[in-house]
Amino acid sequence: MSTLSILAIAVGVLAVIGLGFGLPDRWFCALLALACLIGGADAAYRELTLWAFAFFASGAMFAGASVHAIYTARRERRRQ
C-alpha cells in the first residue's frame, strides 16, 4: 500500500470520526474531498485511469457540497 493510499484512508477516517463528534458539514465534505483527491492522485500515479477519474469526480462533488454548506451557513447567519 502506497503512502498516498494510507494518507487518503487516514483523512477519510478522520472525516468520519469528526462527523461522530459534531464536525460541521462544510468541514466533513472538505475532508472527504481531500481524501478523494489524494486517492485520485494515487490512482493516476498507478495509471488506473478509470479509478482516477472516479476519485477526481467524487472529489469535485464533495468540494461542491462543501461550498454549498458554507453558503447556506452564511445565509442563515445573515437572516438572524
Side-chain angles (χ1 to χ4, degrees):
M1 188 176 274
S2 71
T3 305
L4 284 174
S5 292
I6 293 170
L7 185 61
I9 291 170
V11 172
V13 168
L14 180 67
V16 171
I17 289 172
L19 185 63
F21 287 104
L23 187 69
D25 290 342
R26 57 187 177 265
W27 283 101
F28 175 71
C29 290
L31 285 174
L32 284 183
L34 178 63
C36 287
L37 293 177
I38 293 171
D42 180 54
Y45 178 74
R46 294 177 184 218
E47 297 179 359
L48 302 171
T49 308
L50 292 177
W51 281 102
F53 178 75
F55 276 123
F56 287 139
S58 298
M61 263 189 349
F62 282 122
S66 179
V67 169
H68 181 267
I70 291 169
Y71 177 73
T72 55
R74 288 192 182 185
R75 188 175 62 197
E76 288 177 7
R77 283 187 207 155
R78 289 181 188 162
R79 288 185 183 177
Q80 294 177 355

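When reading the values below, keep in mind they use all heavy atoms of this one structure, side chains included, and skip hydrogens, waters and symmetry mates.
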Same cluster for [X] and [Y] if Ile/Leu/Val/Met/Phe/Trp/Tyr side chains link at under 4.5 Å?
X	Y	answer
Ile6	Val13	yes
Val11	Phe55	no
Phe62	Trp51	no

Quick one: pull up [atom1] in [X] and [atom2] in [Y] and give me the separation to the nearest 0.5 Å.
X	Y	atom1	atom2	answer
Leu48	Asp42	CG	CG	8.0 Å
Leu14	Leu19	CG	CG	11.5 Å
Ile38	Leu34	CD1	CG	4.0 Å
Arg75	Ile70	CZ	CD1	13.5 Å

Minimum heavy-atom distance between [X] and [Y], given as atom pair plus value:
X	Y	answer
Ala63	Ala33	N-CB, 3.7 Å
Ala73	Arg26	CB-NH1, 3.8 Å
Gly40	Ala52	O-CB, 3.8 Å

Run the side-chain contact (heavy atoms from CB on, under 4.5 Å) test on Met61 and Cys36 for me, step by step, so that the C-alpha distance in whole Å, both residues' side-chain angles and the decisive distance to 0.1 Å come before the verdict.
CA-CA 10 Å; Met61 263 189 349; Cys36 287; over 6 Å; no
Can you confirm whether [X] sits close enough to [Y] that some side-chain heavy atom of one is under 4.5 Å from a side-chain heavy atom of the other?
X	Y	answer
His68	Cys29	no
Asp25	Thr72	no
Leu37	Phe56	yes
Phe53	Thr49	no

